[in-house]
Every structure is written in structure tokens, then in C-alpha cells.
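Here the structure is a predicted model, which is why all the values come from computation and not from measurement. We're numbering straight along the sequence, starting at 1.
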Amino acid sequence: MADVKEQIRAALSAALNQFKKEKNIDAPDVEAASLTLENPPDPKMGDVGVPLFAFAKTFRMGPPQISAGVAQILKGADEIGGVKVAGLGEILNLGPYINFKLNKGNETYSILKKIAEQKSDYGSLGSDNKKPMEGRRVMVEFSSPNTNKPLHLGHVRNDALGESVSRILKKAGADVYKVNIINNRGVHICKSMLAYQLFHQEKGDTPESLGIKGDHFVGNCYVEFDKYLKGEKDKPETAHPEAAQKAEEMLVKWEAGDKDVRALWQKMNDWTLKGVQETYKRTGVSFDKLYFESDTYLKGKDEIQRGLDMGIFFKAADGSTRVDVTEAVGKGKDGEDHEKVLLRSDGTSVYITQDIGTAISRHKDWPFNQMVYVVASEQNFHFKVLFYILKKLGFDWAQKLFHLSYGLVNLPSGRMKSREGTVVDADDLLDSLHADALKEIKEKGRDKELDDPDAVAEKVALAAVHYYMLQATPIKDMLFNPEESLSFNGNTGPYLQYMGARISSILAKAKESGVLPDSSEAACALLTSGDEWELVKQLGSFPDTVSKAAANLDPSLVAAFLYDTAKLFSKFYQNCSIINAESKELAAARLFLAQSTLDVMKEAMDLVLVPFLEKM
């Protein structure tokens, strides 16, 4: 579809410019790339529609008049804009639209041939046979766990977005470098450490001795600290408010390099990281480099001094170093200029100081054209300020920094809080989905048909949670419904897996009966029904989908493509018999269409972290 769409743009822009000349209209030439192509709501209206509303003002006439004149030019030409008009199919003048009914036979063969020839590259290449992001170097930061707790439901969405966006960018031709900042220092880490000293150190408790993952053990310590600090409900005498001060004192000792504090910190950090890495492996998430806050928290101070010397920053009355960020974020609540502290009055760093230094270090480590921060919408203000400061410091690459802001994930019971132990851990969630999937497999008697029902249940669980997280546009807040995510009907990951397994079964049974896919031009010419054509067009839109998803950093576009493809295949299979087709030739052609659908679905499923299952 990409090829013919580019031809439509070229021919139509040439026709518009000819029409403009004939009517003596004083207006800029129409560029082919400026034309918007749409899918008509009814197949009877053609396959590609081009609205002409945008030209009403410059042409000083109604869109229907423009459409009628341009259609006449196109129909009267053998070739225009270097394009043979006959190759565009039937030209329809529909009010303010120029629509095109494509030549089904030619387009079907062209699309399915590309899928078969390009294999895993299909979706990567545009009509010019180039990858849209070839030559781009994109660094993607995501996950950013704290080492005082395991990954939770919010991390699942973050990780799914980061990994999926990275795969989509790579599919579009970008060189992608995935990084993760591990938040492994601070008072919250010390709280877990203090709880360990209070309740576990003397007993010699370890994750191994207790039989739990290291990140869960450390997370339990964090919850224990909060209970110790606040005491039992309605029993203020059991509270220990002094614990907060002790945690602060422990942080001071850590920063001073206290040997015992550092040793305990390293031990508990190692426990957490080992557990988190196991979760990453389970969910198919990986990184090219890990950055640690303990290595980066002092970075940036020299840059702040440089900015102070340049006059970009200033010393406030309290001795702190600040910057006026009103230009970036607007006035404060009191209507005064908005200032951001960069160094405290005692010269110590704040969080944004570290982020400034880390961004500069990363660009030195791996010079990027673009850097994408996958961080929840709660940090929108922070990133506006960070990007503004880096631009003021004169870093050209700061223009290419982007905050992929995503909405929060909540539960039916409300918002999650780590310190109160109300968070849904990623492992617990996956274990629960795994158990429910395995139960359904056994209830349906499918466990006897599968080589490894447990492995299948694990892949179903991953598909359920990842697809649920990615089907919505990133910026939307969402309510996670585990039962809904695991459904084998509707817009879910397991439904897509079911369709993939169903197509695999169709192909296997056809092979057993001696019918094989036929990829010839003559075979493709037999695929003329409306259901076949709609499915072919959908497969042909995959490269455009990948390109748009990469440009917009939005995996939901790929998710929507997958669901629409699955629905169209279901309709095709329902209305167009394959094995029992009117002829062996038609059966073989339809098998080729089924094989092509499966190939494209497998590629798209990988982009949104939905494991493919041949049987389920």
C-alpha cells in the first residue's frame, strides 16, 4: 500500500498544481507530502480518500469544485507527475474528496510478495525501500527502580512502554540504546536498612534462608520500617518517631563512607538487584547499560558553577543557587517568577543537579540524536525544567530530549503505596495471571494437547499484562483489571495469541491434506472478494503503522493494528473457506494470504511484547 499511496500523492499534487495554473490561482505549489490520505468509511467509496478542505482558502473556492476539476484532469491524463494514471485504479469524485478504487489484483500481489520476500524486514521499509529512522541514534531510559522494593504494577507499564518503544524504533531503522538509572541511594534505602538491623540482622535472615526473592525481602523491610515508625493503629505509644531521624543519620554516614553502613547497603542492594534482574528476564526486558544513582548523584555540580559564571544562574538571598524557569513553566501560584533551586545554600546537590550531570555523561558515553525518558506524568514539571536548563547551558542535543509521559496505573481498590504494603508486585501479578491461565487450560482439557502447559500459561500471562498496558495511548491513566486482561475474547493479548495459534493450525491441517500456499501472481489474482481485499489492505498498512508508532513513540498504534488484523482475518476465515474453497488454486491462494497474515502478526506481536504461541 505504501507504494501506491506515494503514487497517489505525486499524481494528485501534480493535478492540483495544474488546476491552480489553469484557474490562474495565486497560491504556493502543493507538495505531495502535504496531502492527507484517509481510509474511506465504506469500501464502496474506494480504498484511499484524499480530503481537499485544506485548499479551499488558498484556491478561493469550495472543496467540491476543486475535487471536480482535479478529477477531470486526472481522468484525462495518461500520465501525470511521473505516475501512470491507469495504475491508480478507478478515480472517484465524491464531494470534497478525491477517492481511489485500487486495482485489487496488482496491489494484492505487490503486498503479499513484499511480505514473503522481506520476511522479518517487512514493516521496516518504506516505499523508497529505506527505513524511516535509518541513521538515527536514540537512547531510551526506562524502568528506574528503587533498591528498597521490588518492581510493582507501575513499573510493569513503564517497562512495557520502554521495551516496546525501543523495539518499534529499532524496527523503523533507528540505532537504539536502552539505559536504566537504578535509584540505589537516599533516605528511603536507609529505612529498609534500619528495619533489617532492627528485625533481621541478629537472626541472620537472608532471602535465601527465608526462601524469598531478594527484592521482596528488602521491600518487606521497607514496609516494616513504616509500621515501626507509625506504630499500631490507635496505639500511639507503639510508634517510634525517632526512627525517621535515625534513617537520616544513616544516610549521612553513608555519604561519609562509613564502612559498616556501606557494607550493609551493598549487601541489600545486591539482594534487590538480583531479584529485579530475574523479573526483567521473565518479562523480556533488557538494557544496554545500567547507571547507578550512587555513581551519579554528585554529577552536575561543576555545570551549575559554569552556569553561575555565565550568568545563567544566580545566587539567592539564602545562599542557594537558582535558575528562573518562568519561560519554561510559567508563573508560580503567587504570580511571581518561577525559580528552581539547583544547589542548596550549603552547596549540596538536589535531584535535578544529578539529572543534569547524568544527561551530559550519557551523551558523552553514547552520542545520541534523541533521548527518550519514559517516566510517569507526575514528573512533567521536572522534565520541562531539566530540558530548559540543558538548553540554557548550550547543549545542542538538548533540543532532542523527549519526555514520554504516561498515565498512572491504579487498581479498583485505589492508588498504590509502597510504604503501606498496598502495592501489587509485578511477580505476584504475573504469578496470579499464570495460575489463572493454567487453570483455564486444564479446565478446557488443553493441557493434554500441549507439550508444556506451564510454559504456555506463562506466555499467556505475559501477553495479558503487556498488551493491556500498551493498548491505551501512553498519556492515559488506566485501571488495571486482571480478569479482563486475561480474556480470550475481545481486545486482549490472549485473543491475539489465540488467533495466531488458530492460523498456525489452519496451515498445518492444509499441509497434511496436501494443499500448500501459492504465492504466484496468478494465485493472488484470485483473491478478489471484499473480505480478502480488506485483509490484504490491512497487511499492507503495517509499514505505515510502524513508521507512525516510531515517530509518535506510541505502541498503541501497533496494538490497534494487531486487533484489527485479527478481526479481519476472523471475518475472512468465516466467509471464505480455505480447504473447501471452490478450487484447489483458490485454496492455495487463500493459504498464502493466511500465511502472510501470520507472518505479519508475529512481527507486530513481538513489538508489543506478546509472545507468539503455535498451540494453546
Side-chain angles (χ1 to χ4, degrees), residues 1-2 39 111-127 131-133 160-174 176 283-285 459-460 462-474 485 488 490-504 506-507 534-573 592-614 616:
M1 286 289 283
N39 295 321
I111 291 168
L112 300 188
K113 183 183 179 185
K114 276 188 179 179
I115 296 169
E117 290 180 348
Q118 293 179 3
K119 301 186 186 303
S120 62
D121 275 338
Y122 185 69
S124 298
L125 304 174
S127 58
K131 297 183 178 183
M133 291 204 168
L161 272 170
E163 183 67 32
S164 180
V165 163
S166 297
R167 293 185 188 187
I168 290 167
L169 287 168
K170 190 173 182 180
K171 181 78 172 174
V176 179
T283 54
V285 170
K459 289 182 177 181
V460 170
L462 290 170
V465 71
H466 284 155
Y467 188 80
Y468 201 97
M469 295 294 174
L470 296 173
Q471 65 173 318
T473 52
S485 76
F488 286 82
N491 192 10
T492 68
Y495 169 70
L496 298 175
Q497 289 178 311
Y498 163 73
M499 288 304 299
R502 188 179 185 187
I503 299 172
S504 297
I506 292 167
L507 292 166
E534 290 303 312
L535 179 56
V536 169
K537 285 197 296 179
Q538 175 69 6
L539 300 180
S541 70
F542 185 50
D544 276 348
T545 299
V546 171
S547 181
K548 288 175 184 175
N552 295 313
L553 303 174
D554 187 357
S556 72
L557 297 175
V558 178
F561 168 86
L562 265 169
Y563 183 50
D564 288 343
T565 302
K567 287 191 297 180
L568 286 169
F569 181 85
S570 182
K571 188 180 178 187
F572 152 72
Y573 186 61
F592 181 45
L593 177 53
Q595 180 66 66
S596 301
T597 303
L598 182 63
D599 291 344
V600 174
M601 284 191 68
K602 285 167 74 172
E603 287 295 312
M605 287 166 71
D606 181 68
L607 297 181
V608 289
L609 320 186
V610 174
F612 169 73
L613 286 169
E614 194 168 344
M616 66 183 300

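Remark: M499 CE to L598 CG distance equals 10.0 Å, nearest 0.5 Å. Atom-to-atom distance recorded for D564:CG and L535:CG is 11.5 Å, nearest 0.5 angstrom. Distance check: F488 CZ to L496 CG gives 11.5 Å after rounding to the nearest 0.5 Å. Within the model, atoms CE of M601 and CZ of F612 stand 9.0 Å from one another, a figure rounded to the nearest 0.5 Å. If you take CD on Q118 and CG on D599, they are separated by 12.0 Å, rounding to the nearest 0.5 Å. Rounding to the nearest 0.5 Å places CD of Q538 at 9.5 Å from NZ of K567.
Side chains of Y495 and Y467 form no contact here, defined as non-hydrogen atoms less than 4.5 Å apart. Two residues are said to be in side-chain contact when any heavy atoms from C-beta on lie closer than 4.5 Å; L607 and F561 fail this criterion. Residues V546 and S124 fail the side-chain proximity criterion, which asks for heavy atoms closer than 4.5 Å. With a 4.5 Å cut-off on side-chain heavy atoms, I115 and T597 do not count as touching. Side chains of M469 and L161 form no contact here, defined as non-hydrogen atoms less than 4.5 Å apart.
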Q. After noting the C-alpha distance and the side-chain angles of K131 and D121, does the key distance pass the side chain to side chain contact (heavy atoms under 4.5 Å, CB included) rule?
A. CA-CA 10 Å; K131 297 183 178 183; D121 275 338; 4.0 Å; yes
Q: Mind running side chain to side chain contact (heavy atoms under 4.5 Å, CB included) on D554 and I168 for me, showing each step along the way?
A: CA-CA 9 Å; D554 187 357; I168 290 167; over 6 Å; no
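At distances below 3.5 Å, not a single donor-acceptor pair connects side-chain atoms of S556 with backbone N or O atoms of L470. Here the side chain of S504 pairs a donor or acceptor atom with the backbone of G500 at under 3.5 angstrom. In terms of modelled atom types and a separation under 3.5 Å, the side chain of S166 and the main chain of G162 share a donor-acceptor contact.
Contact detail for S485 and P494: the closest heavy-atom pair is O-CD, 3.4 Å. In this structure, Q595 and L507 approach most closely via the heavy-atom pair OE1-CD1, 3.3 Å. The two residues I503 and A594 come nearest to each other via the heavy atoms CG2-O, 3.5 Å. Closest of all the heavy-atom pairs between V610 and Q497 is CG1-CG, 3.8 Å. In plain terms, the two heavy atoms of L539 and Y122 that are nearest each other are O-OH, 2.8 Å.
Within a 6.0 Å sphere centred on OH of Y573, other residues, nucleotides and ligands contribute 12 heavy atoms or fewer.
One finds a salt bridge joining E603 and K171 here, because a Lys/Arg side-chain nitrogen approaches an Asp/Glu carboxylate oxygen to under 4.0 Å.
Remark: the N491 side chain and the Q471 side chain contain an N/O donor-acceptor pair separated by less than 3.5 Å.
Tested against R167 for a side-chain contact (heavy atoms from CB on, under 4.5 Å), the candidates V608, V558, L609, V176 yield a single pass: L609.
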